[in-house]
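None of these values were measured; they are calculated from a predicted model.
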Amino acid sequence: INTMYLVSYGIISFILAQSFILSKLFAHTHKKAAAFAEELKEQELARTIIYHNTSHELRTPINGIIGFSHLLQQGQLGSISARAAEHAGKIKQLADSLKAQVNTILDLALFKQGKMELVSSRVDLLQLIHQSNLLAQGMQMRQKGSSFQVKYDFNPQDKIYFRSDKIKLTTILRNLLGNAFKFCKPDQENHITLSFILTNERQLIIKVEDTGIGIPAKDLSRIFQEFKQVDEHACRSYEGIGLGLTLAQQIVTLMGGIL
């Protein structure tokens with residue numbers, strides 16, 4: 001008996017046996033991975049549906065709070081003291097803030113379902129700048145010790161129009177400006193600058209700058225993740241749930257831009 005042949009057959013048999021075992025393990029692992037992926041897909045769909053339904057259910061009572069607090073503040077439900085009117089105004093501000101959070105969750109749910117669509121219309125750039133200025137002024141009233149300015153590099157006498165989704169542009173600006181005002185250093189003035197730049201290629205660059213707490217370079221990759229803030233304990237000091245930048249980036253991407 002030639003032992004060399006036996007050794008060769010033994011090695012080949014061992015290799016075949018190991019290949020068979022590995023193929024079985026691979027098939028089993030692939031099956032588990034596919035099942036896990038399907039489970040994750042179902043969980044994501046369920047989470048998205050919950051976000052969508054909950055957001056719709058929350059908006060109705062919030063709109064009621066906003067409406068009645070406005071009527072109280074304006075004295076349309078009877079005369080009230082100046083102090084009561086001030087408190088009614090604060091209630092409205094808080095309700096407006098909560099509504100913005102709910103709208104963010106609803107928009108994110110629509111995006112995940114592939115149902116977010118752009119409603120294109122003609123946008124007046126100067127009007128957009130004016131609306132952004134008003135938006136920032138409202139935020140500045142709630143953030144004492146902050147300053148704000150708008151910059152643009154074109155002649156304000158020129159009429160500049162472009163086509164985009166006005167409401168979603170406002171959503172982007174609200175989230176970017178909101179973060180700029182919100183994440184400020186305690187007991188230190190925060191300077192916020194909003195710039196509108198028209199390039200030679202007729203592209204519009206919107207830039208928001210501030211002198212707040214900043215973002216470390218190592219954390220830049222995390223800021224667009226859902227429910228993430230650079231400081232995991234930041235929610236204790238700063239309001240918000242970590243969805244604003246996620247939504248802003250997805251809208252900008254849908255528009256064909258870069259954030």
Task: Derivation and outcome, side-chain contact (heavy atoms from CB on, under 4.5 Å), residues Ile172 and Leu176 - done: CA-CA 6 Å; Ile172 295 168; Leu176 295 181; 3.9 Å; yes

Task: Spacing of Leu169 atom CG and Arg174 atom CZ [to the nearest 0.5 Å] - done: 12.0 Å

TODO: May I ask whether Val150 and Ile206 are part of the same hydrophobic cluster, defined by side-chain heavy atoms of I, L, V, M, F, W, Y residues being less than 4.5 angstrom apart, directly or through others?
DONE: yes

Open item on the list: Are Ile65 and Phe68 linked, directly or through intermediate hydrophobic residues, by side-chain heavy-atom contacts shorter than 4.5 Å (ILVMFWY only)?
Closed with: no

TODO: Could you pull out the closest heavy-atom pair between Leu198 and Asp153, with the gap in Å?
DONE: N-OD1, 3.3 Å

Task: Euclidean distance, Lys168 NZ relative to Ser120 OG, rounded to 0.5 Å - done: 11.0 Å

Open item on the list: Using the rule given for side-chain contact (heavy atoms from CB on, under 4.5 Å), can you reason through Phe148 versus Thr193, listing the C-alpha separation, both sets of side-chain angles and the distance that settles it, and then say yes or no?
Closed with: CA-CA 6 Å; Phe148 174 75; Thr193 303; over 6 Å; no

Task: Side-chain touch Phe181/Gln140, heavy atoms, less than 4.5 angstrom - done: yes

Open item on the list: According to a hydrophobic-cluster definition based on side-chain heavy atoms being under 4.5 Å apart (Ile, Leu, Val, Met, Phe, Trp, Tyr only), do Ile205 and Ile192 belong together?
Closed with: no

TODO: Return the minimal non-hydrogen interatomic distance between Cys184 and Ile213, and the atom names on each side.
DONE: O-CG2, 3.6 Å

TODO: Answer yes or no: is there a side-chain heavy-atom contact under 4.5 Å between Leu126 and Phe154?
DONE: yes

TODO: Considering non-hydrogen atoms only, spot the tightest contact between Leu177 and Ala136 and give its length.
DONE: CD1-CB, 4.3 Å

Open item on the list: Would you compute the distance between atom CG of Leu128 and atom CG of Leu135 and round it to the nearest 0.5 angstrom?
Closed with: 10.0 Å

Task: Student check: side-chain heavy atoms of Ser121 and Asp165 closer than 4.5 Å - done: no

TODO: Mark yes or no for whether Thr171, through its side chain, and Ile167, through its backbone, hold a donor-acceptor pair below 3.5 Å.
DONE: yes

Open item on the list: Counting C-beta onward and ignoring hydrogens, is there a side-chain heavy-atom pair between Asn190 and Phe183 closer than 4.5 Å?
Closed with: no

Open item on the list: How long is the straight-line distance from CD1 of Ile129 back to CG of Leu134, given to the nearest 0.5 Å?
Closed with: 12.5 Å

TODO: Identify the heavy atoms of Arg163 and Arg122 that sit nearest to each other, and give their distance.
DONE: NH1-N, 3.7 Å

Open item on the list: Is the shortest side-chain heavy-atom distance between Ser146 and Glu189 below 4.5 Å?
Closed with: no

Task: Cluster link Leu173 to Leu259, ILVMFWY, side chain under 4.5 Å - done: yes

Task: Cluster overlap Ile197 with Val123, hydrophobic side-chain contacts below 4.5 Å - done: no

- [ ] Report the distance from atom CG of Asn155 to atom CD1 of Ile160, rounding to the nearest 0.5 Å.
- [x] 8.5 Å

- [ ] First locate atom CG of Leu254, then atom CD of Glu117, and finally report the distance between them rounded to the nearest 0.5 Å.
- [x] 9.0 Å

- [ ] Taking all non-hydrogen atoms of both residues into account, name the closest pair between Gln73 and Gly89 and its distance.
- [x] NE2-CA, 3.5 Å

Task: Side-chain heavy atoms of Leu247 within contact of Ile251, under 4.5 Å - done: yes

TODO: Check Ser164 against Met255 and note the closest heavy-atom contact, atom names and distance.
DONE: OG-CE, 3.7 Å

TODO: Answer whether the closest heavy-atom distance between the side chains of Leu125 and Phe162 falls below 4.5 Å.
DONE: yes

Task: Any donor-acceptor N or O pair under 3.5 Å, side chains Ser147, His191 - done: yes

